[in-house]
Every structure is written in C-alpha cells, then in structure tokens.
Engineer: 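I'd like to ask some things about the structure below.
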Amino acid sequence: MAKSQHAISPTRAEDYPQWFQQVVKAADLAEVSPVRGCMVIKPWGYALWENMQRVLDGMFKETGHQNAYFPLFIPMSFLEKEAAHVEGFAKECAVVTHYRLEMGPDGRLVPAGPLEEPLIVRPTSETIVGAMYAKWIQSYRDLPILINQWANVVRWELRTRMFLRTAEFLWQEGHTAHATEAEAWDETRRMLGVYARFAEHYMAMPVIQGEKTAGERFPGAVSTLSIEAMMQDRKALQAGTSHFLGQNFARAQEIKFQDQQGQEVYAWTTSWGVSTRLVGALLMTHSDDDGLVLPPRLAPQQAVILPIYRDDAQRTAVLDYCRALQQQLQGVTYDQSPLRVALDDRDMRGGEKNWFYIKRGVPLRLEIGPKELERQTVFVARRDTGEKASVARAELVATAAQRLDEIQQALFQRALALRTAHTRGIDSLDEFRAFFTPQNAEEPEIHGGFALCHWCDDPSVAPVLDALKVTIRCVPLDGDHEPGRCIFTGRPSRQRVVFAKAY
RNA sequence: CGGGGCGUAGCGCAGUCUGGUUAGCGCGCCUGCUUUGGGAGCAGGAAGUCGCCAGUUCGAAUCUGGCCGCCCCGACCA
C-alpha cells in the first residue's frame with residue numbers, strides 16, 4: 001500500500017517548523033537527548049558536519065590559521081573583565097560550583113566540595129584565549145597570532161530547536177591578534193568572505209554579507225559582520241559571524257606588545273565562528289516534502305547503488321555488476337576527491353530502500369537490476385528534481401562528476417531564485433507593514449522575505465519592528481550605496497539595510 | 001522565566017470526566033511462509049513498575065496534593 005504522496009508530513013506549506021523536525025527525524029540526522037536542551041547528533045548528521053569541518057578547516061589553513069585547543073572551563077572572573085561581554089553572556093551560562101559528589105542522607109548524590117572560584121562552561125572563548133595571548137605576545141614580532149579551535153560550547157538557551165539552537169553546540173571559533181587596526185579589520189572581512197564562499201560554493205546557499213547594527217552586535221565587539229541566508233519559509237538565518245573586537249578585549253585582558261618604536265600598545269583582536277547551525281541552514285535551504293536534499297559537495301554519500309534482484313542467481317550477477325560499477329565510480333574525481341559512492345545490498349524491499357535514500361537526500365540513486373545488466377545501463381534518479389533516466393553505464397561513469405556538478409549548481413540557482421523572488425526594495429511604511437503581515441493572523445502562512453529599506457538609527461523604530469517581529473539583519477557590505485530617506489522617520493539615510501523575520 | 005497543553009510498550013495514541021476482572025489500538029520489532037523495478041500480505045509472537053513520591057479507598061492509569069520532565073506560545077538567543 002502506497003503511503004501519502006510525500007514522505008514528510010506535515011509539508012512545508014502546512015507547518016514549516018514541524019516539517020523541519022520531521023525531516024531531521026526522517027533523515028536520521030539527530031534526536032533529542034535525555035539531557036535538557038541538548039541533542040544527539042546521529043551518524044548521518046555527524047558525517048555531514050564532518051564534511052563541513054573538513055572543507056572549512058582546509059580554508060582556514062589556506063588563510064594561514066592553525067588549530068589549537070583551549071579549556072572547556074573558564075574561571076568566572078575572566079568573564080567579568082569585559083563589561084559588555086559579561087552582560088551579554090552572564091544570563092545564559094552553565095556554572096560549575098562543586099568538584100565532587102557525596103551520598104546524601106536520603107541515598108541520593110549531592111554536590112560537595114565547593115570550588116573557591118566557580119568555573120563557567122565556555123559560551124565562547126574570547127576570555128580564556130585572550131588570557132593566553134596576553135602571555136604569548138610581547139613584541140610586534142609575535143604578531144599576528146592566527147588560531148582556530150574546533151570545540152563545543154554551552155549557552156543555557158530557554159527554548160531550543162535541533163541544530164538551530166541547542167544548549168550545547170559544536171562550532172569552530174577563530175581568535176586572532178594583530179599589530180594594527182587595519183590588519184585586524186582585513187582579517188575580520190577575510191574570514192567573513194571565507195564563510196560566504198563556503199556557504200555559496202559548498203552549501204549552495206546564497207548569502208548576504210553585511211554588518212550588524214549596534215543592537216545585534218556581539219557582546220564586546222566594535223563591529224560584527226555576518227552572513228545572512230533566506231530559508232524556504234523566507235525567514236533569515238544568521239549563518240556565520242566575524243567580529244572586529246578592536247582593542248576592547250586587549251585592554252580588558254592586557255594583551256599588549258612593544259611596537260617597532262618601542263612603545264607599549266594594545267593588540268587588535270578578532271573572533272569568528274560557524275556552528276552546527278549550518279546543518280539546520282542546509283536543511284532549510286534545500287530540503288523538500290520528501291525529506292533532506294543534500295548538495296553533492298557536502299553529501300556524505302554522493303551516489304548510492306541499489307541492487308534489485310529476485311533470486312540468488314540474479315543476486316550474484318547483479319551484485320557483481322554493482323561492485324564493478326562502484327569501483328569505476330570511485331575512480332571518478334569530483335570536487336578534488338574520489339566520488340563517494342555506496343552500495344547498499346541490505347535485504348530490504350526495493351521501495352523501502354529507495355525511500356530510505358530519498359529521505360536522507362543522497363544526490364544520485366543508481367538502480368541496478370537484471371534489465372540494466374542485459375543492456376549495460378544504469379537507472380539514474382536525481383534527488384533534487386526527481387528526474388529519472390536509463391543511461392549507458394560507460395556514459396554514466398564518464399558524466400558522473402558533471403551530473404553532480406549540475407545538481408550543485410541547480411540547488412544554488414533554485415535557492416537564489418527563491419531569495420530574489422522574495423527580496424524587495426520597500427519605500428513606504430505601509431508597504432513595509434503589509435509585506436510582513438500574514439493574511440491569516442490565526443495560522444500565519446509563509447509570507448514576507450527580505451525588505452531592503454532606508455533606515456536611520458532612531459529609538460522610535462524599535463517598537464514598529466517589535467510589533468511586526470521584524471529585525472534588521474544587516475547593512476549589506478556590497479549593496480549599492482544610494483542615499484535616501486528612512487521609511488520610519490523620513491530622515492536622511494546613506495544606504496538600504498536588510499529587514500526580515502529571523503530565526 | 002510568564003501563559004497553555006501533555007506524560008500509558010521503541011514511536012504515535014485510546015482509556016481518566018463517572019475508581020472495579022487479565023490495561024487496549026496503530027506503526028515498529030521477532031519467527032515462518034508468500035512477495036520484491038516507488039513505503040508488501042497472511043499467520044504466530046515478544047514487549048508496560050500507566051512520569052515520580054505521598055495520600056484517599058476494600059480497590060487507583062482513573063480522585064487529591066507535591067515534585068520531575070517534555071511540547072507549544074511569549075520574552076532571550078549562533
């Protein structure tokens with residue numbers, strides 16, 4: 001008996017947040033853990049993250065960075081050093097106050113051995129890294145320091161969603177120190193560029209590079225740059241950030257050095273990061289009502305071979321053909337690596353196995369049965385378009401890389417088309433309100449998008465945005481800088497900024 | 001942390017208002033047979049301290065109190 005038309009219920013149009021949860025489940029990416037607010041990342045989800053890590057790590061190294069590792073725990077006093085930083089993170093920190101457990105009178109364990117100074121579990125590592133940099137840097141010759149770490153961090157979020165906001169998450173955080181302001185600014189922009197390139201070239205996710213307004217800035221930063229992407233529900237997702245920290249942390253933590261003139265001066269620092277949120281971003285950019293859709297460059301498996309047979313005789317012949325095909329395809333180079341092609345000979349019904357891979361988003365499914373053996377063909381199904389065709393075996397091997405590349409490009413173009421279709425320059429407050437107001441207030445349908453508007457930093461703007469649940473995503477770095485008038489106050493504006501509802 | 005909802009088999013639920021034999025159903029799981037090119041059919045089977053603790057009662061999944069957890073909506077956030 002065939003199930004409903006789509007593998008995922010509800011569909012995107014019916015209930016987008018529920019659809020998201022169902023895709024995570026159907027693709028077996030992760031599940032909620034017994035630990036409040038934390039998720040277990042399952043092998044398929046983790047393999048995806050590993051691919052992201054591998055590519056990003058290569059990009060960081062190409063731009064001169066080295067990996068290191070700093071402690072999970074940070075003395076509480078470290079966090080107090082930078083005023084804005086404390087305020088930003090204090091209310092969401094896990095705090096370690098004891099170092100052992102004892103059996104209580106009721107037979108249950110109770111914390112014992114109070115710590116003299118509580119430790120916090122890092123929500124981010126600027127302070128512990130800065131403390132070390134203060135020791136490592138004495139001379140301008142010690143600069144720049146360009147370090148990245150892959151780590152987990154904890155932010156005690158009140159409301160969590162898998163991959164998008166969990167109490168513990170995996171990320172990388174780059175921390176650099178420079179002799180000059182200009183050099184630190186270059187670094188901040190360079191790493192934002194790395195993120196943008198990764199998002200677009202690997203994730204096939206178009207992004208807007210921009211600068212955050214004061215209200216959205218990282219606590220303690222002078223300036224925060226971000227990449228912003230539009231999800232399929234037209235909401236914005238901040239997918240990566242790069243902070244110019246100025247000398248704020250350097251002053252707070254005495255990161256100083258002697259310059260060429262023998263003067264003692266403070267260093268200029270930056271920090272930048274992306275997290276497992278990128279997995280959520282990838283999901284919401286490409287997936288459909290049948291489950292996950294993966295861009296080939298990041299797919300843990302780029303193709304899967306599905307043997308079809310009735311009896312043992314067929315099984316042997318089909319599997320031989322499949323193994324030979326797998327070997328041939330593994331000899332193909334795609335994105336500078338051998339093509340990742342799996343052969344699934346599990347004893348499972350054909351339809352069920354097919355859906356297994358549809359839901360997991362494998363870009364190409366290659367069905368091999370007696371007919372294919374006879375004709376020396378492969379039955380190829382494309383995940384992104386659903387297109388299916390019988391292709392000569394030799395031709396498939398010859399065009400496999402090109403086919404994956406087509407999928408990669410098609411996904412990017414489709415995402416870009418969605419963003420373009422729902423990005424609009426808006427010049428009046430009425431139109432702005434209409435753009436961000438759903439037709440059905442009870443059950444809001446997918447609506448809105450990115451509004452490009454003139455704006456000025458005036459306190460009267462905030463209540464209007466709050467009422468609509470709209471935020472300023474960023475001031476685009478490469479937007480046209482035509483001047484105009486703020487749609488809220490009528491005052492002069494230097495350029496348009498991006499407004500959207502956001503995750 | 002405020003408002004609302006929910007905890008019963010691995011998952012999803014019914015039963016609770018109106019206490020009463022052995023707590024059911026669907027999916028999944030196990031075994032067998034038949035099947036197998038888009039989510040199989042039949043037969044048999046395993047699996048539950050009804051979230052936890054206390055109370056009321058001859059008797060509690062059901063009533064009362066407390067606690068814990070999860071989900072949704074707000075405020076906060078990568």
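Just so it is clear: chains get the letters A, B, ... in the order the sequence lines come, proteins before strands, and each one is counted from 1.
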Engineer: Please measure how far the C1' atom in B:U56 lies from the corresponding atom in B:U64, and state the result in whole Å.
Structural biologist: 7 Å
Engineer: Filter on salt bridge (charged side-chain N to carboxylate O under 4.0 Å, His left out), then keep only pairs touching residues 306-320 of chain A, sequence neighbours left out; what's left?
Structural biologist: A:D320-A:R323
Engineer: The test is salt bridge (charged side-chain N to carboxylate O under 4.0 Å, His left out); show your working for A:E374 and A:K371 and say whether it passes.
Structural biologist: CA-CA 5 Å; A:E374 198 181 307; A:K371 289 181 204 165; over 6 Å; no
Engineer: For side-chain contact (heavy atoms from CB on, under 4.5 Å), just list the numbers for A:S223 and A:E211, CA-CA rounded to whole Å, side-chain angles, deciding distance to a tenth of an Å, and then say yes or no.
Structural biologist: CA-CA 7 Å; A:S223 172; A:E211 181 174 8; 2.8 Å; yes
Engineer: Can you measure A:D466 atom CG to B:C76 atom C1' for me and round it to whole angstrom units?
Structural biologist: 12 Å
Engineer: Provide the distance between the two C1' atoms, one in B:U22 and one in B:C11, to the nearest whole Å.
Structural biologist: 25 Å
Engineer: Rounded to whole Å, please give me the gap between CG in A:L306 and P in B:G39.
Structural biologist: 14 Å
Engineer: Taking the P atom of each, how far is B:G12 from B:G55, in whole Å?
Structural biologist: 32 Å
Engineer: Rounded to the nearest Å, what distance is computed from the CH2 atom of residue A:W150 to the P atom of nucleotide B:A78?
Structural biologist: 19 Å
Engineer: Pick base, sugar-phosphate or nothing for A:F356, based on heavy-atom distances below 4.0 Å to the nucleic acid.
Structural biologist: nothing
Engineer: Can you see whether A:Q172 engages A:H65 through a side-chain donor-acceptor pair at a distance of less than 3.5 angstrom?
Structural biologist: no
Engineer: Both A:L164 and A:T160 contact RNA chain B. Taking the nearest nucleotide for each, which residue is further toward the 5' end?
Structural biologist: A:T160
Engineer: Nucleotides 33-36 of chain B: which of its N/O atoms have a protein N/O under 3.5 Å away?
Structural biologist:
residue : atom : partner : partner atom : Å
B:U35   : O2   : A:R349  : NH1          : 2.7

Engineer: Would you indicate which nucleotide in B:C11, B:A78, B:G37 comes nearest to any side-chain atom of A:S275?
Structural biologist: B:A78
Engineer: Under the criterion side-chain contact (heavy atoms from CB on, under 4.5 Å), I'd like the reasoning laid out for A:F218 against A:L245: C-alpha separation, chi angles, the key distance, then a yes or no.
Structural biologist: CA-CA 9 Å; A:F218 176 76; A:L245 303 175; 4.1 Å; yes
Engineer: Answer whether the closest heavy-atom distance between the side chains of A:W44 and A:V362 falls below 4.5 Å.
Structural biologist: yes
Engineer: A:F412 versus A:P206: any side-chain heavy-atom pair under 4.5 Å?
Structural biologist: yes
Engineer: Identify every side-chain donor-acceptor pair in residues 459-472 of chain A under 3.5 Å, counting partners at least two apart or on other chains, and give the distances.
Structural biologist:
residue : atom : partner : partner atom : Å
A:S460  : OG   : A:D458  : OD1          : 2.6
A:T471  : OG1  : A:R473  : NH1          : 2.8
A:T471  : OG1  : A:A500  : O            : 3.3

Engineer: Using a heavy-atom cut-off of 4.0 Å across all strands, would you classify A:L237 as base, sugar-phosphate, or nothing?
Structural biologist: nothing
Engineer: With ring centroids as reference points, do A:W19 and A:H6 lie under 6.0 angstrom apart?
Structural biologist: no
Engineer: Using atom C1' of each nucleotide, how far apart are B:A46 and B:G28 to the nearest Å?
Structural biologist: 13 Å
Engineer: When the P atoms of B:A40 and B:C25 are compared, how many Å lie between them, rounded to an integer?
Structural biologist: 23 Å
Engineer: Nearest-Å distance, CD (A:E31) to P (B:C71)?
Structural biologist: 13 Å
Engineer: Rounded to whole angstrom, note down the P distance from B:C1 over to B:C67.
Structural biologist: 13 Å
Engineer: Once you apply a heavy-atom cut-off of 4.0 Å, does A:K469 come out as touching a base, just sugar-phosphate, or nothing?
Structural biologist: sugar-phosphate
Engineer: How far does the P atom of B:C30 sit from the matching atom of B:A47, given to the nearest Å?
Structural biologist: 16 Å
Engineer: When you compare the ring of A:F169 with the six-membered ring of B:A78's base, are the centres less than 5.5 Å apart and the planes under 30° from each other?
Structural biologist: yes
Engineer: Is A:K371 touching bases, backbone alone, or none of the nucleic acid, heavy atoms closer than 4.0 Å?
Structural biologist: base
Engineer: Identify whether NZ of Lys or CZ of Arg in A:K81 sits under 6.0 Å from the centre of the six-membered ring of A:F78 and within 45° of that ring's axis.
Structural biologist: yes
Engineer: Quick check for you: among B:C76, B:G37, B:G39, whose closest atom lies nearest to any side-chain atom of A:E367?
Structural biologist: B:G37
Engineer: So, is A:K359 close to the B:G39 phosphate, meaning a side-chain N or O under 4.0 Å from OP1 or OP2?
Structural biologist: no
Engineer: Output every pair passing salt bridge (charged side-chain N to carboxylate O under 4.0 Å, His left out) with a member in residues 281-290 of chain A, not counting sequence neighbours, ordered by first then second residue.
Structural biologist: A:R12-A:D289, A:D288-A:R383
Engineer: Take atom CG of A:D15 and atom P of B:C71, then tell me their distance rounded to the nearest Å.
Structural biologist: 15 Å
Engineer: Once you apply a heavy-atom cut-off of 4.0 Å, does A:R161 come out as touching a base, just sugar-phosphate, or nothing?
Structural biologist: nothing
Engineer: Looking at B:C11, B:G37, B:A78, which one has an atom nearest to any side-chain atom of A:E372?
Structural biologist: B:G37
Engineer: Quick one: which of B:G37, B:A78, B:A40 gets closest to the side chain of A:E352?
Structural biologist: B:A40
Engineer: Name all residues meeting the side chain to side chain contact (heavy atoms under 4.5 Å, CB included) criterion together with A:A381; count only those two or more places apart in sequence or in a different chain, and write none if there are none.
Structural biologist: A:R365, A:K388
Engineer: Please work out if A:T166 contacts a base, only the sugar-phosphate, or nothing of the nucleic acid, heavy-atom cut-off 4.0 Å.
Structural biologist: base
Engineer: B:C71 C1' sits how many Å from A:Q18 CD, rounded?
Structural biologist: 9 Å
Engineer: Would you mind reading off the distance between A:E92 atom CD and B:A75 atom P, rounded to a whole angstrom?
Structural biologist: 16 Å
Engineer: Name all stems that contain residues of RNA chain B, defined as runs of 3 or more consecutive Watson-Crick or G-U wobble pairs, both distances under 3.5 Å.
Structural biologist: B:1-7 with B:68-74, B:10-13 with B:24-27, B:29-34 with B:40-45, B:51-55 with B:63-67
Engineer: For nucleotides B:C63 and B:U16, find the distance between their C1' atoms and express it as a whole number of Å.
Structural biologist: 10 Å
Engineer: Whole-Å distance between B:C70 C1' and A:Q21 CD?
Structural biologist: 13 Å
Engineer: If you pin A:Y503 and A:V32 to their nearest nucleotides in RNA chain B, which one's is more 5'?
Structural biologist: A:V32
